[in-house]
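A short write-up of the structure that comes next.
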Amino acid sequence: MVMDGAVWIREAGDDNTNSPDGDIIDCVLLRHQPAFDHPKLKGKKPLDPPERPNGHDRKGMAAEDFQMWMMSGESCPEGTIPIRRTTEEDMLRASSVASFGKKPTRLVRRDSTSDGHEHAVGYVSGDEYYGAKANINVWAPRVSNQYEFSLSQLWVISGSFGDDLNTIEAGWQVSPELYGDYYPRFFTYWTSDAYQATGCYNLLCSGFVQTNNRIAIGAAISPTSSYGGGQFDISLLVWKDPKHGNWWLEFGSGILVGYWPSILFTHLRDRASMVQFGGEIVNSSPGGSHTSTEMGSGHFAGEGFGKASYFRNLQVVDWDNNLIPLPNLKVLADHPNCYDIQGGINTVWGNYFYYGGPGRNVNCP
């Protein structure tokens, strides 16, 4: 699907990029991006960057050349944004055109796995939250079949876990149905009605307004971590602009990706009532057994650094735009024999946890 207003096209994976992911990146004029097809955003222009939260340290974070398509040193021109092209093959993998780019409609409760979604998460609730920040360890977990995924993300949540659920989500995912491969990819998501009619991944519907010309949402992440070897993580910050009320996304060392306009939401127009961090997989129970799709590194939390996947430096944004440590982090694993989680706190990593697992094993049949 070539977008109107595309001013320049390059194909990742051609002879001069050394990028193996095969993506085609279209550089699309800012004002022609999908967000501005939204009835409430037509005729608007992207907003200027907001004030960062107080206490935000931008030192020592990952560089912005973390995506395969950029390894040749190229990026989109100023005034455009890179958009991963949706192909006919992408559409054909979806169960229907209407469901393409969307999470399945489901009962969205942390303590429910009747829909096959399983989690290992840390969360805070019971207060007012205006953002969240974390460093998320990146792996390439095995996903057993096209109908499953494995992701690691943060959720900013408001509303009840009924039809009025509002979420803002960002992280990395391996989703062969959505992307046609098994690379971990940077993603965003939003919904204002519990994943029913509103919202989508990345820029696959009108909603998220991208402002950055160097990051392609949905593109493959490189490098990834290796078991017993080098570890790589990405820093993500989502926060509510105190002036205009929109929810902004920052990656790494001060790189603003864009924002979710507040008009997309009901409850999140004001604040969040829960923040959640962690892993999620889909278990389609192939052959009647638990899936062997991995979460995180595919190893349990008890194996620790270099072997188990982690989230570190977990923080939330308070009412006065201050980044603060998590008050009373709780951890929950739906099926701890399949995927588990162990939390902790220290002076270097602040609030952190290890999480994940292999899925099917002798204790998770």
Side-chain angles (χ1 to χ4, degrees), residues 1-12 23-49 67 69 75-94 96-103 153 156 166-171 173 175 177-180 185-193 195-220 238 241 244 246-251 255-265 268-269:
M1 183 183 300
V2 182
M3 305 204 55
D4 291 340
V7 297
W8 177 65
I9 300 173
R10 61 184 294 274
E11 182 168 354
D23 285 349
I24 298 174
I25 302 296
D26 293 320
C27 295
V28 177
L29 293 170
L30 271 169
R31 65 180 183 274
H32 289 165
Q33 66 180 291
F36 297 117
D37 293 333
H38 194 286
K40 294 180 179 178
L41 296 174
K42 280 189 182 295
K44 306 265 188 193
K45 293 181 179 179
L47 295 175
D48 292 330
Q67 296 189 311
W69 75 277
S75 64
C76 286
E78 290 292 332
T80 72
I81 61 167
I83 297 182
R84 178 184 181 273
R85 187 187 297 182
T86 298
T87 66
E88 182 179 2
E89 289 76 16
D90 291 337
M91 301 290 289
L92 290 173
R93 283 191 306 274
S96 70
V97 172
S99 68
F100 176 72
K102 294 179 177 289
K103 289 189 175 183
Q153 67 168 80
V156 176
N166 288 201
T167 76
I168 285 170
E169 309 174 29
Q173 66 181 162
S175 177
E177 180 177 20
L178 190 58
Y179 304 106
R185 292 173 174 272
F186 176 49
F187 82 93
T188 61
Y189 201 91
W190 68 275
T191 181
S192 62
D193 62 357
Y195 306 95
Q196 295 181 94
T198 64
C200 62
Y201 281 112
N202 308 334
L203 303 181
L204 295 174
C205 67
S206 55
F208 186 84
V209 178
Q210 184 165 336
T211 59
N212 188 286
N213 70 322
R214 293 182 61 81
I215 290 179
I217 304 174
V238 173
D241 172 15
H244 296 289
N246 302 307
W247 292 87
W248 282 79
L249 172 62
E250 181 182 285
F251 172 87
I255 305 159
L256 284 176
V257 181
Y259 60 92
W260 293 269
S262 62
I263 54 96
L264 298 175
F265 303 104
L268 280 175
R269 286 193 192 190

Can you name the salt bridge (charged side-chain N to carboxylate O under 4.0 Å, His left out) partners of Glu169, sequence neighbours left out?
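For Glu169, the residues satisfying salt bridge (charged side-chain N to carboxylate O under 4.0 Å, His left out) (neighbours in sequence not counted) are Lys103.
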
With sequence neighbours excluded, tell me which residues meet salt bridge (charged side-chain N to carboxylate O under 4.0 Å, His left out) with Arg269.
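By the salt bridge (charged side-chain N to carboxylate O under 4.0 Å, His left out) rule, Arg269 matches no residue at all.
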
For the side chain of Asn213 and the backbone of Thr80, is there at least one donor-acceptor N/O pair under 3.5 Å apart?
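Not at all, since once roles are kept as given, no pair shorter than 3.5 Å links the two residues.
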
Would you check if the side chain of Lys45 reaches a backbone N or O of Arg31 as a donor-acceptor pair within less than 3.5 Å?
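Not a single qualifying donor-acceptor pair exists.
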
Do the non-hydrogen side-chain atoms of [X] and [Y] ever get within less than 4.5 Å of each other?
| X | Y | value |
| --- | --- | --- |
| Leu264 | Thr198 | no |
| Leu178 | Leu204 | yes |
| Gln153 | Phe187 | yes |
| Leu47 | Trp248 | yes |
| Leu41 | Pro261 | yes |
| Asp241 | Tyr259 | no |
| Gln173 | Tyr201 | yes |
| Thr86 | Phe100 | yes |

What heavy-atom pair brings [X] and [Y] nearest, and what distance separates the two atoms?
| X | Y | answer |
| --- | --- | --- |
| Ala94 | Glu177 | CA-OE2, 3.7 Å |
| His244 | Ser262 | O-OG, 4.2 Å |
| Trp260 | Leu249 | CZ3-CB, 3.8 Å |

Which residue is it: Asn202, Asp23, Asp90? I am looking for the one with a side-chain hydrogen bond (donor to acceptor under 3.5 Å, both in side chains) to Tyr179.
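With Tyr179 as partner, Asn202, Asp23, Asp90 yield a single side-chain hydrogen bond (donor to acceptor under 3.5 Å, both in side chains), made by Asn202.
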
What distance separates Ile168 CD1 from Phe208 CZ, expressed to the nearest 0.5 Å?
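One finds 9.5 Å between CD1 of Ile168 and CZ of Phe208.
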
Pairwise distance CD1(Ile81) to CD(Gln33) - rounded to 0.5 angstrom:
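Between atom CD1 of Ile81 and atom CD of Gln33 there are 4.0 Å.
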
Glu89 atom CD, over 12 foreign heavy atoms within 6.0 Å:
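Result for CD/Glu89: enclosed.
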
